[in-house]
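Step one of this worksheet: look at the structure below.
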Amino acid sequence: MRKYIISVFVFLFFLGHLKAQEVQKDSVSSQQETNIKEVTINWKKGLIKSKIDGLVYNIQSDPESNSKNLLEMMKKMPYLSVDSNENILFKGTGNFKILMNGKETQLLNNNAKDILRNIPANTIQSIEIITNPSSKYEAEGVAGIINIITTKKMRDGYNASVNIGARFPKQEQNLGFSLNLKQNKIGISAYGGAFLRNSPETENQNKQQASSDNLLQNEKIKEKGKGGYLGTIVSYEIDSLKLLSIQLAGNVSGSRTENQLDSYFYGQDIPWEKSFSDIHSKNNDRGFEVSANYQMGFKKDKSQLLTFSYRLSDNNNHFESSSAIFNDKANTQNQTTQNNENENNEQTFQIDFVKNIDKIFLETGLKAIFRKNRSEYASVPENLNNSDEYLNHQNIYGAYLSARYTLLGWNFQTGLRLENTTNKADFTSTSTAVNQDYFNLIPNVSINKNWKEHHSINFGFSQRIKRPGINRLNPFVNTANPYFEISGNPYLKAVINNDIMTNYSYNSKVNFNIGLGYSFSNKIDLKVSTYDPATHITKTTYENSSKVSRFGLDYNLNYPVTKKLTLGINGNSAVFLISGKAEGIEVKNNLFTYYIYLSANYQLENNWSVNSNLEINSKMPAGLQNNTNAFTGTSFRVSKSLLNNQFSISGYINNPFSKFRTIITETAGANFYQNSYMKDYYRSFGVNVTYKFGKLKEEIKSTRRKIENNDVAN
């Protein structure tokens, strides 16, 4: 820890020295004065804006956006953080929804990490962080909603950007582009990208202590992957009252993994037993989506809008694994092959109507979602417990009413959402079925007060639904590791999450945001692991047997010390109380957690900038029986902008003091204790290049109501 803190102090001393040199200069050129004025104007725009249901982070006002991708920028935004595997967390949880320009896209549902890493932050206008979603949103997505707003309102008929990036030694390369075009009544917005990964060999270790024996596994793993995505939105203004928009998107990705796994059993009454496994697996994913939104206005009442929406999405996944296992003691060799074909199809129909009645803004609508999930899985040699055809139909019917109004200087947003869910699952081989049918009435209340222009306070209460996704429902048993079996549970039920929150914001030259929140859920579906001493196999699945509550403090501060030096801190502290049953025994996993992200950015002359970050993550709960270890990271970056900020290039190094990082996951059961050590490359360096060109006179219009299915494929 000391070396990380020292590095930050050295960096800040360097910035202070640069500032001292700047003060000593009695004269500056007119060009330098112009650059300083531009920075000042950006800060006047305001970095953070408070809303009744959350806040807006203006990325264009953050100088770090010129050299970072969108995933890196999210580390410094209120209520957001990134875990050790670069997965986004919203108020400490991964259960939330990401939208783009208010629309759901399958690309961000299935592969958010790779796509966000491929988007230059300076091509994005702002991020809406919706902490208390209103009743108009689908009730799924426990923590909230992240809405990415792309850049708009330029000067000509089009704008575009191209970006290239590379990171080593993990050998990751990415290419992306965006395009906005408007001609008369037609607007087109397109985006796409591709990525390659070729991770060098790393080593993992797994240790398990049981009542009668012990297991030690050493693993060497190599992975290659590639993928691409493409999306477009076409908008057509039929006339001043009618607007049609169509969205198309598709993605493909694939990965291959090679594992060499050595397993050793030993104990007081058990002689040494060795087995060696050579495992090859591949995973291919492809999907597409199409949606249409038709919006109607009314001449007599401009506040009225009627919108009809339809969305179709389809995703196919193929998983294949082959294992050659040699048992040294028994002198036997077994060959096992597993295949799983998974298809997810979803259709959504929606009608929305909005209207002002006196000083009350009303929103109401109807929605129907039809989901079909199918899985065919088989193993060779055939295993009746792991060969089946699984079919799941989930239909959701919803209606909502939401009102927004002002009373005595306070802003209120209240609403109710009624949802009926039917869930039917069939298993061909066993001729068994699961039928679920339930109603949920979901309330929402948001209260907001703004005063003295820069101050804002919010209060809110909401309930959200966490329905189990296909990955948790799918009973396919993954036995790629012969001593660990992982499967879903088709009998899982939906969970209600309750959330109470308050937030204070001060947004001026200095931006300060602090929020308190308490959330709790009963009978939540968490992983449960059990160990069978007869077979030496640990089985993991999901069960509705746990209670989870979180009391958290989220805070964010951005302080422009000078016109060139900006310091920031983003973080949270929380107490997690997790309890449940595993093998009929009560288990508790209570933990205090914290996340701190410190940033320092200095704007040099001639459009150079330097940046440093320090990231501190505490130990985190990973389920009912699991915890992951703490870690600390640093990064340093130098960037240069050219051609009036149209062209930018940046070079960076992450974690120069540590070549590897060991991710430790602890799992405790009734009769076993397990430590899993994943060793991954931590030190990395790379370069990013972005080129933006073209201008737009005005934004491409979009319907104000769209389909937003706010669930997570968990």
Shortest non-hydrogen contact between Gln60 and Asn122, atoms and distance: NE2-O, 3.1 Å
Interatomic spacing from CG in Asn163 to CG in Asn118 - rounded to 0.5 Å: 5.5 Å
Verdict with supporting geometry, Ile145 and Phe96, side chain to side chain contact (heavy atoms under 4.5 Å, CB included): CA-CA 6 Å; Ile145 297 171; Phe96 60 93; over 6 Å; no
Distance-minimising heavy-atom pair for Leu179 and Ala160: CD1-CB, 4.0 Å
Side-chain heavy-atom pair Thr232, Val234 within 4.5 angstrom cut-off: yes
Verdict with supporting geometry, Asn558 and Phe512, side chain to side chain contact (heavy atoms under 4.5 Å, CB included): CA-CA 7 Å; Asn558 273 273; Phe512 175 67; over 6 Å; no
Taking every non-hydrogen atom, the tightest pair across Tyr229 and Ala194: CE2-N, 4.4 Å
Verdict with reasoning, Ser641 to Asn66, per side chain to side chain donor-acceptor pair (under 3.5 Å): CA-CA 8 Å; Ser641 295; Asn66 288 323; 4.7 Å; no
Expected output: side-chain Asp301 to main-chain Ser303 donor-acceptor under 3.5 Å: yes
Centroid-centroid under 6.0 Å between Tyr691 and Phe693 rings: yes
Side-chain (Arg417) to main-chain (Ser135) donor-acceptor, under 3.5 angstrom: yes
Salt bridge flag under 4.0 Å for residues Glu346 and Arg371: yes
Qualifying residues under salt bridge (Lys or Arg N to Asp or Glu O under 4.0 Å), relative to Lys372, sequence neighbours excluded: none
Flag for Asn556-Asp554: side-chain donor and acceptor within less than 3.5 Å: no
Any donor-acceptor pair under 3.5 Å from Asp53 side chain to Thr131 backbone: no
Donor + acceptor pair across side chains of Ser161, Ser178 (<3.5 Å): yes
Partner set under side-chain contact (heavy atoms from CB on, under 4.5 Å) for His454, not counting sequence neighbours: Tyr506, Ser508
CD1-CG distance between Ile465 and Asn497, expressed to the nearest 0.5 angstrom: 11.0 Å
Option from Lys76, Met74, Lys49 for which side-chain contact (heavy atoms from CB on, under 4.5 Å) with Tyr57 holds: Lys76
CG-CG distance between Leu99 and Asn147, expressed to the nearest 0.5 angstrom: 5.0 Å
Side-chain touch Val56/Ile48, heavy atoms, less than 4.5 angstrom: no
Step-by-step side chain to side chain contact (heavy atoms under 4.5 Å, CB included) determination, Arg311 to Glu289: CA-CA 7 Å; Arg311 179 175 180 266; Glu289 63 179 316; 3.1 Å; yes
Student check: side-chain heavy atoms of Glu615 and Lys75 closer than 4.5 Å: yes
Residue among Ile148, Asn69, Val82, Ile146 satisfying side-chain contact (heavy atoms from CB on, under 4.5 Å) with Leu116: Ile148
Euclidean distance, Asn317 CG relative to Asp285 CG, rounded to 0.5 Å: 5.0 Å
Exercise: identify the closest heavy-atom pair between Leu241 and Phe298: CD2-N, 4.1 Å
Any side-chain donor near an acceptor of the partner, Ser462 and Asn444, under 3.5 Å: no
Salt bridge flag under 4.0 Å for residues Asp499 and Lys91: yes
Test side chain to side chain donor-acceptor pair (under 3.5 Å) applied to Asn458 and Asn503, step by step: CA-CA 5 Å; Asn458 291 52; Asn503 183 85; 4.8 Å; no
Donor-acceptor side-chain pairing of Asn611 and Ser599 below 3.5 angstrom: no
Atom pair CG/CH2 of Asn450 and Trp410 - distance to nearest 0.5 Å: 10.0 Å
Asn601 (side chain) donor-acceptor with Thr566 (main chain) under 3.5 angstrom: no
Distance-minimising heavy-atom pair for Gly287 and Asn315: CA-ND2, 3.9 Å
Pair Ser609-Ser639, side chain to side chain donor-acceptor pair (under 3.5 Å): steps then yes or no: CA-CA 5 Å; Ser609 67; Ser639 62; 2.5 Å; yes
Main-chain N/O of Asn87 paired to Asp83 side chain as donor or acceptor, under 3.5 Å: yes
Test item: side-chain donor near acceptor, Gln646 and Lys692, under 3.5 Å: no
Lys51 vs Glu128, salt bridge (Lys or Arg N to Asp or Glu O under 4.0 Å): CA-CA, chis, key distance, verdict: CA-CA 9 Å; Lys51 296 175 56 184; Glu128 289 185 336; 3.3 Å; yes
Modelled atom types, side-chain donor and acceptor of Ser309 and Asn293, under 3.5 Å: yes
Spacing of Ile514 atom CD1 and Tyr504 atom OH [to the nearest 0.5 Å]: 10.5 Å
Test salt bridge (Lys or Arg N to Asp or Glu O under 4.0 Å) applied to Lys182 and Glu237, step by step: CA-CA 11 Å; Lys182 191 172 189 300; Glu237 299 173 59; 3.7 Å; yes
Short N-O contact, Glu343 and Arg286, less than 4.0 angstrom: no
Side chain to side chain donor-acceptor pair (under 3.5 Å) between Asp352 and Thr307, intermediate numbers included: CA-CA 5 Å; Asp352 296 280; Thr307 307; 5.7 Å; no
Sidechain-backbone polar pair: Ser235 side chain, Ser245 backbone, donor-acceptor under 3.5 Å: no
Tyr597 and Asn613: side chain donor to acceptor below 3.5 Å: yes
Side-chain donor-acceptor contact under 3.5 Å, Tyr310 with Gln350: no
Thr93 side chain vs Phe90 backbone, donor-acceptor pair below 3.5 Å: no
Audit row: Leu362, Thr364, side chain to side chain contact (heavy atoms under 4.5 Å, CB included) steps and yes/no: CA-CA 7 Å; Leu362 290 176; Thr364 187; over 6 Å; no
Considering all heavy atoms, the nearest Ile52-Ser446 contact: O-CB, 3.6 Å
Arg467, Arg464, Lys97 screened by salt bridge (Lys or Arg N to Asp or Glu O under 4.0 Å) with Glu138, the one that passes: Arg467
Side chain Asn570, main chain Met77, donor-acceptor under 3.5 Å: yes
Donor-acceptor under 3.5 Å (Arg404 side chain, Thr414 main chain): no
